[in-house]
Amino acid sequence: MTETRSFQAQTKKLLDLMIHSIYAHKDVFLRELVSNASDAIDKVRFDALTNPGLGGDQDWKIKLVPDKALRTLTIRDNGCGMSYEEVVENIGTIAKSGSESFSERLRSSGATAGAPDLIGQFGVGFYSAFMVARKVVLETQKYGEDHAVRWESTGDGTYTIARTAPRDRGTEVTLWLRDKEAPAPAEDGAEADTDADVRWNDEDYTDVWTLRRVVKKYSDFIAFPIAMDKETWEYDRDDDGKIKEGGEHQRKFEEEVLNSQKALWTRAPASIDKAEHEAFYRQITRDWTPPGETVHFHAEGTHSFTALLYVPEKAPFDLFSREPRRGLQLYIKRVFIAEDVRELLPEHLRFVKGLVDSADLPLNVSRETVQHDKLIGLIRKQVARKLTAHLKDVLEKDRPRYERLWAEFGSCIKEGFHYDPTGKDKLADLILVRTTGNDGWSTWKEVASRCREGQTTIPYLTGESREVLQQAPQLEAFRGKGVEVVLLHEPVDEIMVGGLDKVEGKELKSAARGDVEGLPDAAATQAAVDDAAKKFEVLLQKLQEVLADDVKAVRISQRLTDSAVCLVADVDGPSAHYERMMHAMGQGMPASKKILELNGEHAAIAAMAELAEKDKDGVRFREFAEMLLDQALLAEGAPLKNPARFAQRVAQAMARAI
Ligand code: ADP
Ligand code: MG
């Protein structure tokens, strides 16, 4: 019985995109179908490890059968096949959560050059068949089922599905190809039916040369033979071996294997050239840009494994989304076990792509037990160590290259201070930061080496953006003393400075928290502050009373040279930036009161001191005290309690002054 069903709405949308868009690289449809076939063989081969009934040593094969006359291309495998329910589930719907964002991306990228990379990433590979086919027929037999299943669709919103007579195990996908070129206009001058919605294929996918080229390009490393029948002739020859004219020549078919099936990682690292790595990388990642870094090593010892790792040139768009694709492929003695094994990579190196092939894990390990295996944990450690060492090497030998890499992945690498606190010293060597010292990037060690004589701390400041930080009043005195301040504006930076308390023996110290310590000429600065504190005793006292609800203390600052006031956090209180960040992440914490610091040299402070003595009822003093506080808040990009009131007061003050 043949059933007609509708595609799920989401699938329909996707199909429309496939059919109606022009792709720069339609060829990828074949890569997708071949990769599905290869996955299906992987699956059955894997299951056969524990279920000998499936036949362990089969003639695993993916077969391409082009038919020029019918204009069809068939892709056949002897993999796991699908049951009726599985066809409905896997082919009729898009279960993957990424499909929505895929459609979005496709739309926004105009479905041109960037699109093919996306197709595979989102697990919508099967539908790419509709880029080149006007009709797709899938016939499949699952092991142990007493019937086969036939699925058919023209991609127009519905598909049919039926149970059919049993056949050999595996799946056969037949594409009824669109023509290579649009048909010529009709003779009588009438408009030809070019159906604006249907795009024509640039290539003839029944052509053996085309198929050879496409397989070589995208599927060369597929572990199973991708074969095609090649037509040859067996000639009727005479005794001298000469072809007989008018003899009985026989047409013969010979199977030709199109891919090299080379498991690149098993070769000696030095024997692999750049082009081979690029092709392999493209195949496993679907990333069209060649990898930025390649790390390939064989580990021997208590556990042997091979890892082939790549750092992409560009960060994927989903690097910071909650459920990005990450992890490495896992092979055991060249048998593919699982995709995206997160446990093989530390979280902060999740942008790395590639694979691990273990010689020691038991072949019958299941995808679930992999996650708890101790050996996997050991491999992850070693992978992390190698990657860290490689990155350090790049940093030391090719700084511009490392800076490019840092710009892409630096925020991610810094997360290591959170995920792997024990590795923080090695990690610290990989970090690049911005400072007030120059426009470029510096390592922590470089910052330490530029410390002034007598400087025992390295000051840093966290905030919303580099621009806000550069203007921060808290930096004034540091500038004045020629002391470099590290400027940090990423959320993860708070975690980094929390984890890294010292660099080269110098303590990291927030420039906006507690006392200023460890700077040159500390004694002289302290003396000046003490003098000012005495001089402004009354003012400090009064401000403290008036602003008691908003600030924890009022004191003379060691940080200011130009601005009148700034806010600083208590020694052990969280920085203002950290609080705002937590707040923005919905992790509300009670706001801690800050300390208001005054610039003892500033005319406004001297004027305030006078006002404190003169203003008997205290109304104007309160007004200006609140204005001072508002200025300090504004300077660090913090919201004011009452912005409108502040604006009015500034206007009034202007009117009085002018
Ligand atoms: P993905 O391969 O990323 O899962 P596809 O759209 O390429 O997404 O395929 C969807 C699903 O259909 C696959 O996950 C698989 O379960 C099933 N499938 C596709 N082709 C085959 C095949 N040749 N043999 C068995 N199952 C297949
Ligand atoms: Mg697929």
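We use all heavy atoms of the structure for the numbers below, so side chains are in, but hydrogens, waters and symmetry mates are not. All ligand and atom numbering here is 1-based and tracks the order in the structure. What you are looking at is a predicted structure, and each value in this text was computed from that prediction instead of being measured.
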Problem - Whether F297 and F305 hold their rings parallel, tilted or perpendicular, with breakpoints at 30° and 60° - result: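 Taking F305 first and then F297, their aromatic rings stand perpendicular (interplane angle over 60°).
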
Exercise for the section: Please confirm whether K43 comes under 4.0 Å of ligand 1, counting heavy atoms of the residue only. Expected result: yes

Hey, is [atom1] on [X] packed in by over 12 heavy atoms from elsewhere, all under 6.0 Å?
X: W233; atom1: CH2; answer: yes
X: K374; atom1: NZ; answer: no
X: D168; atom1: CG; answer: no

Practice task
Check T140 against ligand 1 and report side chain, backbone, both or neither, counting heavy atoms closer than 4.0 Å.
Solution key: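 Under 4.0 Å from ligand 1, T140 contributes no heavy atoms.
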
Handout entry: the Mg ion (ligand 2) to nearest N/O/S of N36 below 2.8 Å
Key = yes

Exercise for the section: Decide whether an N or O pair under 3.5 Å exists between D39 and ligand 1. Expected result: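 No, D39 has no N/O under 3.5 Å of an N/O on ligand 1.
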
Exercise for the section: Run through V136, L30, T206, T74 and flag the one making a side-chain contact (heavy atoms from CB on, under 4.5 Å) with L175. Expected result: V136

Fill in the blank from the handout: Min over E89, E339, E32, M82 of heavy-atom distance to atom 18 (N) of ligand 1 lands on M82

Exercise for the section: Determine, considering heavy atoms only, which of I91, I62, N90 sits nearest to atom 15 (C) of ligand 1. Expected result: N90

